[in-house]
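Here is the structure we will look at, set down as structure tokens.
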Amino acid sequence: MYLFPRDPKFRKIWTLRLKRDGFKPSQYTKLCERHFDKDQFSVNPDVANNVGFQVKSKMLKPGAIPSIFDYTNPKEKSLKRSASQSTESVIRSGRRSTAIEKIAKRRRYSVLDGSYNTSTGDSDVPLDAEMYTMQNDDQDIHDRAQHDNDVPVSPQSVQTGTETSVQCFSTMSQTTYNLVKRRHVSIQTDIDVLPSPGVERMSTGTQTDDSCINDLLDHSFVSRIENDNNDESEESDLDWIPDSDNEEQNDIYHDINPAKERKFIVFESCLDNLFTSCCTCGFPCSMSKTVLGSYISIKSSCENCNTQRKWESQPTSNSMPLGNLIIAGAILFSGGSAHKFLTLCMHASVQMFSIGTYMKIQSLYLVPTIENVWQREQLHLFTTARESGETLRLGGDGRCCSPGHTAKYLSYTLMDLKTNKILDTQLVQKNEVRHSYAMELEGLQRGLAKIAEEELQVSHLVTDRHSQIKKYMREVHPEVVHWFDCWHIAKGIFKKLEAVGKKKNCEIIGDWSRSISNHTYWCAMNSEGDGELVSQKWCSILNHVCNVHEGHGNKFPRCEHGDLEDRLWIKKGSKAYEELEKIVKGRLLMTDIKKISPAEQTSGLEAFHKVLCHFAPKFVHYFHAQMEARLLLAALHFNETSTRQQAKNQNDDLIYSVSFPKGRHGEGVAKEVKVKQTFNYIDELFEELLFGREVHSSFAEARAANALEN
């Protein structure tokens, strides 16, 4: 029994499914487990039974919805119940398919040991008595059938064989009691031919409907069930058939995305239990196994009935197990480490492919897949920007693959500051330029050339204060307004103030360092791009720290704040003031402060660099193709998740959390909590990956195709 969910949405769905007028569940109202399909449980009971796992307590999945109900009118139920009690029936309460299944199974073993009599007249136990005995032997089925109020079956509805010819077969239902719904006549069964002297052999398909059990069910029984179907709700599906067995799995793989299909870890001993005995006669079988990475194929052969069976753990694509391809893709697409994952599998004794196989799959399939998906994403972004008819306001920044001046790679990224989307990212290697300091300019030049190829115009560019970029934009692109990012300037000022504050007699500067760096943002936001006004506001901090709030300049004569409480002021002429004046009136700073960006900043690019550190950590070395692929993956992930909204609680209030950044030295900062991330780009990557394997069905073909493209 399961309590109604507390979530109002699902609680309403459960209540509507009951179809009871005026019913309102309380906090103690419960619903029986028989109203839930097997796939609504956290552990599917059928799967657990097949692998020999006993489920102690059944738990529902989050968001489980009941779907099995009998909406028959209570009065009609009582009439049917009284009619079923007055009618002479072979099985007073029991599922028809279950009873037939048990009788056929009992007779199948009788035929194997030679004790089965093919003559109806000489049978010691009549069929109706045998089926009645089956009912008494299975009280659990009796109770559940009474609960579902099944229609009884008359003795004439079951036919036996004749003396001259008996069709002896076993009907083994794929599904258990709870999965076979009362209103469905079609039953999926396995019809196995039994080798016995004097018995007519018959062979049918694995998925059958009414015609395969017409010899066991009379037309009156079928018609009575069909009449009951008319009383069901409009949502009843008369053509419903249970899920196909393993023999049909390979036929439907083309209709199911292998990457989205659920997968399980199975112990080898549990697999052996499924194949040690013949599924036809029950005798021991010989097995042979073939292992290829995460793939295993088992062939079983029975010496008694010559039954052979082959089972594969996963589909293949021209001898490559798709599980190996999907797992390799999942490692790279999630930004993981193949070495760490394979080490984890080794410690857990999980069978997996080697690192060499992963490297082949990565270079021949994964890297081209990422490049193709990024090209489509980039084309969509360029098309959208071109159709808007507006000029671009870009933000650019570089990120080295390792700290210091020993970096091998630098990735330079251009972001559309209006949409917060990555338009282009370039990977520059150190040996492509004269020295590592020149990599950032090279990345910007390549990015702007790509934008120009797409016939897009750039009106504004926001970057850091890189000296080579300043000269390049001033001389080569004077038509573009070049701004400097406020965060980079404030960060540099704060570091200098913190360093000076450690000197003797300058400790007071350390107390003012955070306020002075924050003053940089205020100057940028309240000057509307007027460079001279920004300069006067910035220099006013020298008077402000001395408790002088007037006479700053003709454009900014006095401070705009109100009365201030007393605090530690800096004396003019002191050593602390002189050190502060050197920083505030630095030659390069006074030149660059006039070009500080008044609106757009590159904070989004800093967030992208944090994402990039997940996909390509600075302490791990990657070859060029792998590094570029991980760079593009970070761009795909950022473009999908950068515009997420702030999360809200049940009271529709915005949610915040407290963060403790490293640069704040233990000081807490309020941070917005975003809604949950989505990974739609991963689905597109897997679709492209599987398609690429179908097009190039071997390593040789994929290698030749990559060579032609490069």
Side-chain angles (χ1 to χ4, degrees), residues 462-467 470-471 474 482-599 601-603 660-669:
V462 182
T463 67
D464 56 8
R465 299 164 60 199
H466 195 281
S467 59
K470 289 192 293 184
K471 180 180 179 181
R474 182 174 65 251
H482 187 204
W483 297 107
F484 297 138
D485 177 61
C486 187
W487 177 79
H488 284 88
I489 296 178
K491 182 181 71 170
I493 293 173
F494 179 77
K495 287 184 177 180
K496 293 179 180 180
L497 292 175
E498 285 288 297
V500 171
K502 296 178 182 179
K503 294 182 178 181
K504 187 178 180 180
N505 298 327
C506 297
E507 293 81 2
I508 192 173
I509 296 180
D511 299 332
W512 281 90
S513 58
R514 180 63 62 186
S515 299
I516 295 174
S517 64
N518 290 340
H519 181 66
T520 309
Y521 295 95
W522 181 82
C523 294
M525 290 187 299
N526 294 276
S527 301
E528 298 181 354
D530 188 343
E532 188 61 30
L533 179 59
V534 173
S535 178
Q536 292 185 14
K537 286 184 176 180
W538 168 246
C539 293
S540 68
I541 194 67
L542 293 174
N543 293 331
H544 179 84
V545 297
C546 299
N547 200 17
V548 177
H549 308 291
E550 295 181 348
H552 305 316
N554 57 345
K555 288 191 173 183
F556 186 65
R558 63 181 60 84
C559 295
E560 296 181 357
H561 56 75
D563 296 336
L564 299 176
E565 59 184 10
D566 195 18
R567 62 191 66 187
L568 292 176
W569 304 103
I570 301 177
K571 295 182 180 180
K572 263 190 178 182
S574 64
K575 183 179 179 180
Y577 181 84
E578 292 176 355
E579 293 291 341
L580 176 61
E581 188 177 19
K582 291 179 183 179
I583 297 175
V584 172
K585 291 189 175 182
R587 181 177 59 85
L588 293 178
L589 180 59
M590 290 301 298
T591 302
D592 296 339
I593 199 73
K594 298 179 180 180
K595 301 181 67 176
I596 192 169
S597 178
Q601 309 296 333
T602 61
S603 56
F660 298 90
K662 180 180 178 181
R664 292 284 182 172
H665 304 292
E667 181 182 351
V669 177

N/O donor-acceptor pairs under 3.5 Å from side chains in residues 577-586, not counting sequence neighbours:
none

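- Heavy-atom contacts from other residues, nucleotides or ligands closer than 6.0 Å to CZ of R587 number 12 or fewer.
- When all heavy atoms are compared, the tightest approach of C486 to Q601 is N-OE1, 2.8 Å.
- A 4.5 Å side-chain heavy-atom check between Q536 and N554 finds at least one atom pair inside the cut-off.
- When side chains are defined from C-beta on, S535 counts as touching K594, because their heavy atoms get closer than 4.5 Å.
- With rounding to the nearest 0.5 Å, the separation of NZ in K575 from CG in N505 is 6.0 Å.
- Taking the side chain as every heavy atom from C-beta outward, W538 and M590 approach each other to under 4.5 Å.
- Counting heavy atoms from C-beta on, the side chains of I489 and D485 never come closer than 4.5 Å.
- Listed by first then second residue, pairs satisfying salt bridge (Lys or Arg N to Asp or Glu O under 4.0 Å) with a partner in residues 547-561 read D530-K555, not counting sequence neighbours.
- Contact check for P661 versus V669: side-chain heavy atoms found under the 4.5 Å cut-off.
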Worked check of side-chain contact (heavy atoms from CB on, under 4.5 Å) between I493 and K496: CA-CA 5 Å; I493 293 173; K496 293 179 180 180; 5.9 Å; no
Worked check of side-chain contact (heavy atoms from CB on, under 4.5 Å) between T602 and T463: CA-CA 7 Å; T602 61; T463 67; over 6 Å; no
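- Side-chain atoms of L564 and H549, non-hydrogen and from C-beta on, do get closer than 4.5 Å to each other.
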Tabulate below the donor-acceptor pairs under 3.5 Å that side-chain atoms of residues 511-522 make, not counting sequence neighbours, or state none.
residue: W512; atom: NE1; partner: L568; partner atom: O; Å: 3.1
residue: S513; atom: OG; partner: E498; partner atom: OE2; Å: 2.7
residue: S513; atom: OG; partner: G510; partner atom: O; Å: 2.9
residue: S517; atom: OG; partner: S513; partner atom: O; Å: 3.3
residue: S517; atom: OG; partner: R514; partner atom: O; Å: 2.9
residue: N518; atom: ND2; partner: R514; partner atom: O; Å: 3.3
residue: H519; atom: NE2; partner: K537; partner atom: O; Å: 2.8
residue: T520; atom: OG1; partner: S517; partner atom: O; Å: 3.1

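- A524 approaches S597 most closely through the heavy-atom pair CB-O, 3.6 Å.
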Test log, rule side-chain contact (heavy atoms from CB on, under 4.5 Å), inputs E507 and K502: CA-CA 6 Å; E507 293 81 2; K502 296 178 182 179; over 6 Å; no
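- Here the CD1-CD1 distance, from I508 to I570, works out to 5.0 Å after rounding to the nearest 0.5 Å.
- Of the possible donor and acceptor atoms, one in the side chain of S527 sits under 3.5 Å from a partner among the backbone N and O of C523.
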F556 and L533: CA distance, side-chain angles, deciding distance, side-chain contact (heavy atoms from CB on, under 4.5 Å) verdict: CA-CA 7 Å; F556 186 65; L533 179 59; 4.1 Å; yes
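- Of all non-hydrogen atoms in C506 and V500, the two that sit nearest each other are CB-O, 3.4 Å.
- In this structure, K495 places its NZ atom where only 12 or fewer heavy-atom neighbours from other residues, nucleotides or ligands lie under 6.0 Å away.
- A distance of 11.0 Å separates CZ of F484 from CG of L589, quoted to the nearest 0.5 Å.
- In summary, the side chains of H552 and N543 do present a donor paired with an acceptor at a separation below 3.5 Å, with no hydrogens or angles considered.
- Atom NE2 in H488 sits 10.5 Å away from atom OG in S603 (nearest 0.5 Å).
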